[in-house]
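The block underneath contains the structure these notes are about, expressed in structure tokens.
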Amino acid sequence: MGPSRRVLGCAIAIVMTTASGWHGPRPAAAQQYEPSLSSVEFLPDPLTRSPRLVSMGRLTLASDLHNGLNFWDLAGNPLGVAVAESLSSIEFRPVIRTAASSHDQATVGSPRERQDLGARQVQNGLEAWHRTPGGTSYGVIGQFATLKLDRPSSEFAEARSEFNVPALAGVVNGPLSWVSGNRLSYAIRLAYTLEVEDRGYFDFFSIPQGDYIGRRTDEVPAPDTFTPDHNEATTLTGGIGLSYKVTGTITAAAMVHHSRSVIKSRNIALRSESHVNEERPVDLGEFGLHGTLGKHIEWIADGQGWSSHSEEFFIWTVSAGATQAPLAGSGKMLDRDAEGTALRTRARWTSGTLQIDAGFNTSYSRTITTPWYPPAGALLAGFNDFLDQVGFRTNADSLALPARIVNGRIEARGYEYSGGFSWRSPWRHALIGAEFHSRRTRYAQPSYTGPVPKGWDVRGGAEVRLAPTVLGRLGYVVGYDDADDLSAANTFLRRTATFGLGFQPAGSRWSADLGYAFQWVDPDFGDPSRARGSQQELALQLRWPF
């Protein structure tokens, strides 16, 4: 017997999450934007700066302007900005992504369809760099993104989340000229991010053919009056680092980052108001090595480790009726401790027009949440104690209260390995490439181990010159993903078709690259509900070097 409809929906979400490639750990998210992107396979995306490779079967190992073997392209380490490219440039990158999934309902007569997921992300990115060969390079990275995410919240209603996320970062990278030998370089990064999320609950859009989400329908009450439906998070990040040429062929790089997020969440209803506030600091250290072996082999490795400790506080008040004292309370909810590590490695062998690449990545993360129980005489009340007091109040049984805070611990360990080749043909300067990727992640909690998602895929792509100013590209990906290796009937077949164009007018320096990918996700097991999903991506890059 196939899994339930709810399990199938979750399985497709996990498949979409694991299908995008490397999933390195990130510091405990100060907001919900990045976890929401991950849940629909929009993050992480190693090709966010390369529409060219998107259109070539989503190859991630092949050489590209923004996919070189340097600290900046591999891991976003600003110590690699100066060597990633030699030209100053301005680049504009709009990206549109969509995702959807649905299943058939078991009904008498004609089957009805129920939509399980609807997502749409629009992202506009801008990079501007001034580079001086052998000197200081500096630039800014700006981005404005929106995300609309619709999912069922119950059998009768859906939850709609809308995110608006502007971000701005500045980077300076250059040599320390007062150190002899030109061996030592420095980098400084400052970044600011604002995230705003609004959530509402609505009826399904029901017609004879099925139930659909994200359409114009009536709003319904939230499940409770405490869970925030408006979240704001402001994050400031600063980092500084040094790189040193240990030998003529090996460079070492070390960075330290500190970020602090101020999170303010609220739910303001007609007769109630609740707030959850938190300040979440994250300390991150990063160390990398880059080198060559002989004339043909180049390699790079970048490791990160991070930790965070934060506290959540609450304020809650709700009217108890005319002439009645309101239910009100404030205090501390919980302590959160999080830590993690990530390792990214890549090696490349080049001989003439043939290039062979291999990569290996690992990840680890652990998050522990502990409810706050104040000791005797403490000034701060505990959230669970407050729920107990509300429960003993007269007429309290008519309230929809949130769940109690419990001890939590979850660990995730993952790895990915990949290998592939690319070859440049003398015919029309054509390029062909193929890659194999395999990945596995294990989640563990004190009372339960799992899920254990795993998967593999084969990717192929090609590029050929169609005219003196036009390049044509296409590719195809086929793979299998198991949403949980510990249970049956969770394997899904994933197929992706890609194509795109590159254009550079004769005699000009500006260029344009367009990439498009369409993905199908279908169950690879007998299942009467026929769960299925799809995803699309349209990416454009306009580039002006100078």
(message) Just by distance, no angles: are the side chains of Ser310 and Glu278 close enough, under 3.5 Å, to form a donor-acceptor pair?
(response) yes
(message) Quick check: do Val458 and Tyr476 have side-chain heavy atoms less than 4.5 Å from each other?
(response) no
(message) For Tyr516 and Phe499, take the angle between the two ring planes, folded into 0 to 90°, and tell me which bin it lands in: parallel under 30, tilted 30 to 60, perpendicular over 60.
(response) tilted
(request) State plainly whether the residues Glu127 and Arg49 are in salt-bridge range, i.e. N to O under 4.0 Å. (result) yes
(request) Could you tell me whether the side chain of Arg114 and the main chain of Glu155 form a donor-acceptor pair under 3.5 Å? (result) yes
(message) For Arg440, is the CZ atom crowded, meaning more than 12 foreign heavy atoms sit under 6.0 Å from it?
(response) yes
(message) Between Ser50 and Leu47 (side chain of the first, backbone of the second, donor and acceptor by atom type, cut-off under 3.5 Å), is there such a pair?
(response) no
(message) Keeping Thr498 on the side-chain end and Gly57 on the backbone end, is there a donor-acceptor pair under 3.5 Å?
(response) yes
(message) When you compare the side chains of Asn267 and His230, does any donor N or O come within less than 3.5 Å of an acceptor on the partner?
(response) no
(message) If you compare all heavy atoms of Phe386 against all heavy atoms of Ala328, which two are closest, and at what distance to 0.1 Å?
(response) CE1-O, 3.4 Å
(request) Indicate whether the side chain of Asp524 and that of Thr491 have a donor and an acceptor atom separated by less than 3.5 Å. (result) no
(request) Please report the shortest heavy-atom distance between Glu197 and Ser161, naming the atom on each side. (result) OE2-OG, 3.4 Å
(request) Please determine if Glu312 and Lys332 form a salt bridge, counting it only when a charged side-chain N lies under 4.0 Å from a carboxylate O. (result) no
(request) Answer yes or no: is there a side-chain heavy-atom contact under 4.5 Å between Val282 and His258? (result) no
(request) Indicate yes or no: at least one non-hydrogen side-chain atom of Trp316 is less than 4.5 angstrom from one of Leu387. (result) yes
(request) Identify whether the distance between the nearest side-chain nitrogen and carboxylate oxygen of Lys264 and Glu232 falls below 4.0 Å. (result) no
(message) Please determine whether side-chain hydrogen bond (donor to acceptor under 3.5 Å, both in side chains) holds for the pair His103 and Asp116, giving the CA-CA distance in whole Å, both sets of side-chain angles, and the decisive distance to 0.1 Å.
(response) CA-CA 7 Å; His103 69 271; Asp116 304 305; 2.9 Å; yes
(message) Just verifying a value: how many Å separate Tyr212 OH and Ser102 OG, rounded to the nearest 0.5 Å?
(response) 7.5 Å
(message) Looking at Asp388 and Arg404, is there a salt bridge between them, counting it only when a charged N and a carboxylate O are closer than 4.0 Å?
(response) yes
(request) Report yes if some heavy atom in the side chain of Glu113 is under 4.5 Å from a heavy atom in the side chain of Gln115; otherwise report no. (result) no
(request) Over 60° means perpendicular and under 30° means parallel, so classify the ring planes of Phe314 and Phe383, tilted if in between. (result) perpendicular
(request) Check the side chains of Asn384 and Tyr373 for a donor-acceptor pair under 3.5 angstrom, ignoring hydrogens and angles. (result) yes
(message) Quick check: closest heavy atoms across Glu219 and Phe202, and the distance to 0.1 Å?
(response) CA-CD2, 3.6 Å
(request) Return yes if a side-chain donor-acceptor contact under 3.5 Å exists between Asp73 and His66, otherwise no. (result) no
(message) I'd like to know if Arg366 and Asp337 make a salt bridge, using a cut-off of under 4.0 Å between side-chain N and carboxylate O.
(response) no
(message) Salt bridge or not between Arg260 and Glu279? Use side-chain N to carboxylate O under 4.0 Å.
(response) yes
(request) Test His275 against Thr317 for side chain to side chain contact (heavy atoms under 4.5 Å, CB included), laying out the working first. (result) CA-CA 9 Å; His275 296 263; Thr317 179; over 6 Å; no
(request) Measure the shortest side-chain to side-chain distance between Pro453 and Asp482 over non-hydrogen atoms and say whether it is less than 4.5 angstrom. (result) no
(message) Counting only heavy atoms from other residues, nucleotides and ligands, does the tally under 6.0 Å from CZ of Phe144 exceed 12?
(response) yes
(message) If you take the centroid of each ring, where Trp contributes its six-membered ring, are Phe163 and Tyr33 closer together than 6.0 Å?
(response) yes
(message) Whether Arg473 and Asp513 form a salt bridge (side-chain N of Lys/Arg under 4.0 Å from carboxylate O of Asp/Glu) is what I want to check.
(response) yes
(request) Determine yes or no for a side-chain-to-main-chain donor-acceptor pair under 3.5 angstrom, with Asn164 supplying the side chain and Ala145 the backbone. (result) no
(request) Please determine which of Asp64, Asp45, Asp457 meets the salt bridge (Lys or Arg N to Asp or Glu O under 4.0 Å) test together with Arg58. (result) Asp45
(message) Using a strict threshold of under 4.0 Å (side-chain N to carboxylate O), is an ion pair present between Glu411 and Arg409?
(response) yes
(message) Just by distance, no angles: are the side chains of Gln519 and Thr496 close enough, under 3.5 Å, to form a donor-acceptor pair?
(response) yes
(message) Keeping Thr98 on the side-chain end and Gln535 on the backbone end, is there a donor-acceptor pair under 3.5 Å?
(response) no
(request) Verify, without hydrogens or angle tests, whether Ser274 (side chain) and Phe226 (backbone) share a donor-acceptor contact under 3.5 angstrom. (result) yes
(request) Might you point out which heavy atoms bring Phe518 and Gln536 nearest each other, and give the distance in Å? (result) CD1-CG, 3.1 Å
(request) Determine, step by step, whether Arg280 and Glu311 satisfy the salt bridge (Lys or Arg N to Asp or Glu O under 4.0 Å) criterion, reporting the C-alpha distance in whole Å, the side-chain angles of both residues, the deciding distance to 0.1 Å, and the verdict. (result) CA-CA 8 Å; Arg280 186 175 300 178; Glu311 303 170 301; over 6 Å; no
(message) Taking Ser36's backbone N and O only, do any of them form a donor-acceptor pair with Ser39's side chain (distance below 3.5 Å, no angle check)?
(response) yes
(request) First locate atom CD of Glu435, then atom CZ of Arg459, and finally report the distance between them rounded to the nearest 0.5 Å. (result) 6.5 Å
(request) Working to the nearest 0.5 Å, report the span between OH of Tyr443 and OG1 of Thr449. (result) 13.5 Å
(message) Would you say that Val122 contacts Val95 through its side chain, given a criterion of any heavy-atom pair below 4.5 Å between the two side chains?
(response) no
(message) Evaluate Thr341 against Arg413 for side-chain hydrogen bond (donor to acceptor under 3.5 Å, both in side chains), listing each step before the verdict.
(response) CA-CA 10 Å; Thr341 60; Arg413 300 177 185 270; over 6 Å; no
(request) Mark yes or no for whether Arg112, through its side chain, and Gly210, through its backbone, hold a donor-acceptor pair below 3.5 Å. (result) yes
(message) Show the nearest heavy-atom pair for residues Leu190 and Gly238, with the distance to one decimal.
(response) CD2-CA, 4.0 Å
(message) On a heavy-atom basis, which atom in Arg494 and which in Asp481 lie closest, and how many Å separate them?
(response) NE-OD2, 3.0 Å
(message) Using a strict threshold of under 4.0 Å (side-chain N to carboxylate O), is an ion pair present between Arg199 and Glu162?
(response) no
(request) Taking atom types as modelled, find out whether Ser206 and Asp211 have a side-chain donor-acceptor pair closer than 3.5 angstrom. (result) yes
(request) Using the six-membered ring wherever Trp is involved, compare the ring planes of Phe525 and Phe492 and label them parallel, tilted or perpendicular (cut-offs 30° and 60°). (result) perpendicular
(message) Is the shortest side-chain heavy-atom distance between Val165 and Thr193 below 4.5 Å?
(response) yes
(request) Return yes if some donor-acceptor pair links the side-chain N/O of Gln304 with the main-chain N/O of Leu284 below 3.5 Å, else return no. (result) no
(request) Kindly indicate whether the side chain of Asp335, heavy atoms from C-beta on, has any atom under 4.5 Å from the side chain of Trp372. (result) yes
(message) Using a strict threshold of under 4.0 Å (side-chain N to carboxylate O), is an ion pair present between Asp150 and Arg120?
(response) no
(request) Give a yes or no on whether the backbone of Pro281 and the side-chain of Ser308 come within a donor-acceptor separation of less than 3.5 Å. (result) yes
(message) Quick one about Ser153 and Glu158 (side-chain donor to acceptor, distance below 3.5 Å, no hydrogens or angles considered), yes or no?
(response) no
